[in-house]
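Report on the structure given below.
Counting from 1, the numbers follow the sequence of the chain as shown.
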Amino acid sequence: MAEALQQRLNDDNAPDEVKNAPQAVRDAIAAAHPTTIHSLLGVRPQGTPRYKFHAGNLLTYNLVVIDEVSMLSSSLMHHLLAALDAKTHLLLVGDPDQLASVEAGSVLGDMARAAKQPGSPLAARTRTLTVRHRFGPRIGALADAILLGEEGVAEAFEILEGRGTHQRDRASAATDDPTSVCWVEPGTIAFRQVMQEVADHGALMRALAKAGDVAAAVEALRSLQVLCGHRQGKLGVSGLNTLVQRRLGIVGGSQWYSGRPVLVTANNRALGLNNGDVGVVVPGSGERRKDAAFPEGKGFRLVPVSRLEHVETVHALTIHKSQGSEYRHVVVVLPEQPSRIVTQELLYTGVTRAIDRVTVVGSREVIEAAIKKPIRRATGLAERLTAS
């Protein structure tokens with residue numbers, strides 16, 4: 001969130017009121033230090049009570065903004081609301097069409113459905129934003145078609161095959177890059193070409209890191225990312241990470257090789273790192289053999305790899321773990337066979353991580369099955385929020 005706010009203030013395409021924001025606003029944004037909800041609540045896994053802040057020890061903020069609320073579980077939302085003072089303004093931001101929490105609940109989706117019902121107390125407190133700033137009309141058209149479910153299958157394949165755009169976007173399609181959406185099937189020559197592009201990206205990061213151009217290596221992290229529907233299998237995270245590393249000549253115990261992209265998988269307060277942070281391994285300074293460089297504001301910061309405990313290699317990562325991120329080119333890789341976890345929301349989330357290009361890897365059967373399969377969670381929250 002901190003990076004997005006800073007980038008927006010300096011975006012030449014931003015509205016005038018943003019570009020001309022007063023210095024007080026700029027100073028406030030620069031001074032803001034976003035944190036995780038767990039850190040905000042002071043989670044103590046072994047403590048009693050588990051949360052430092054709760055109904056008997058309230059947080060006293062005037063405003064709390066929660067981003068990526070689609071990832072919020074029912075339990076965590078409960079503890080957040082219990083810890084907020086009645087005078088606190090709570091702003092929830094997110095896309096209800098994205099993947100829901102990996103834990104129980106679909107809080108944002110339920111709230112969005114409830115807000116559409118007559119008489120809901122949420123109706124007047126909900127604002128739907130419809131202008132897309134991340135990607136162009138062709139990627140947007142594909143995202144829209146996916147959300148139509150069975151009715152959008154034909155339109156989705158028209159766009160994937162380069163034959164069409166969503167009706168509301170046809171007027172702007174002429175200015176959109178026709179190569180911004182690409183579809184390839186596994187095992188084809190086109191698939192091998194995509195995998196070579198992925199390997200070349202890994203080689204670029206390795207070369208930049210070994211040359212000591214840390215800023216360029218960190219920037220390269222955002223230029224291409226493989227997102228997988230599954231963790232296991234040759235078209236899953238493990239298989240594709242292994243494929244890329246073999247092409248880079250990485251074998252055996254060369255764990256901390258220069259150019260290795262790493263994902264933090266557990267919060268580390270001592271290092272100021274959170275679950276989901278992504279960095280790249282670079283040559284160390286002084287007596288340190290290797291560091292990991294993590295994006296920070298307009299630059300980066302270095303952390304000795306010897307202090308990193310919970311990380312994994314992410315030439316490829318799961319779509320679930322990509323939520324909240326964006327990349328210039330996204331390669332969405334689906335499994336070879338339809339799967340219960342490859343759903344409409346998963347495909348939509350993967351596609352909408354792209355800024356300039358999205359390449360969808362999958363058979364017609366698997367893509368069609370995903371579009372037709374929305375997640376169904378019987379939480380009862382939407383009904384309770386609309387009850388009189």
Side-chain angles (χ1 to χ4, degrees), residues 98-99 132 134-147 152-153 155-166 169 173 176-205 220-230 233-237 239-241 243-244 247 261 278 314-323 325-336 339 342-371:
Q98 284 187 186
L99 283 166
R132 290 172 167 133
R134 175 177 294 159
F135 43 74
R138 196 172 297 270
I139 297 176
L142 177 59
D144 288 339
I146 292 169
L147 293 179
V153 169
E155 188 168 17
F157 279 105
E158 283 187 0
I159 297 163
L160 287 168
E161 294 169 347
R163 296 186 289 111
T165 59
H166 197 284
D169 288 319
D176 195 21
D177 182 357
T179 66
S180 60
V181 174
C182 179
W183 169 36
V184 301
E185 297 200 49
T188 62
I189 294 175
F191 171 72
R192 291 193 289 272
Q193 291 172 336
V194 171
M195 289 300 100
Q196 185 59 53
E197 183 177 355
V198 172
D200 290 345
H201 175 254
L204 172 63
M205 286 199 298
L221 283 169
R222 302 185 179 99
S223 63
L224 185 149
Q225 183 63 58
V226 176
L227 305 179
C228 299
H230 280 191
K234 66 179 182 180
L235 292 183
V237 170
L240 293 180
N241 274 325
L243 173 65
V244 173
R247 294 196 181 185
V278 177
V314 286
H315 291 291
L317 75 160
T318 62
I319 296 174
H320 277 88
K321 290 189 175 181
S322 74
Q323 285 184 267
S325 301
E326 61 181 19
Y327 309 93
R328 310 304 310 187
H329 180 194
V330 166
V331 180
V332 178
V333 182
L334 303 178
E336 292 183 283
S339 162
V342 179
T343 62
Q344 180 186 109
E345 289 83 357
L346 183 126
L347 180 56
Y348 170 84
T349 300
V351 165
T352 55
R353 298 310 90 204
I355 298 174
D356 297 325
R357 295 172 58 200
V358 59
T359 298
V360 178
V361 177
S363 68
R364 180 178 291 270
E365 177 190 13
V366 171
I367 295 172
E368 181 172 343
I371 295 173

Interatomic distance, E368 atom CD to F157 atom CZ [nearest 0.5 angstrom]: 6.0 Å
For N241 against A316, the heavy-atom pair lying closest together: OD1-N, 2.8 Å
Stepwise side-chain contact (heavy atoms from CB on, under 4.5 Å) check, Q98 with Y348: CA-CA 7 Å; Q98 284 187 186; Y348 170 84; 4.0 Å; yes
Spacing of CG belonging to L334 relative to NE2 belonging to H230, to within rounding of 0.5 Å: 9.0 Å
Audit row: L317, L227, side-chain contact (heavy atoms from CB on, under 4.5 Å) steps and yes/no: CA-CA 5 Å; L317 75 160; L227 305 179; 3.5 Å; yes
Flag, side chain of H201 to backbone of A220, donor-acceptor distance under 3.5 Å: yes
Donor-acceptor pair, side chain of R353 and main chain of S325, under 3.5 angstrom: yes
Nearest-0.5 Å distance that lies between atom CG in L224 and atom CG in L204: 10.0 Å
Expected output: side-chain Q193 to main-chain T188 donor-acceptor under 3.5 Å: no
Audit row: I139, L142, side-chain contact (heavy atoms from CB on, under 4.5 Å) steps and yes/no: CA-CA 5 Å; I139 297 176; L142 177 59; 5.7 Å; no
Backbone N/O of V366 and side chain of S363: donor-acceptor pair under 3.5 Å: yes
Backbone N/O of L243 and side chain of R247: donor-acceptor pair under 3.5 Å: no
Residue pair Q225, S322: steps toward the side-chain contact (heavy atoms from CB on, under 4.5 Å) verdict: CA-CA 9 Å; Q225 183 63 58; S322 74; over 6 Å; no
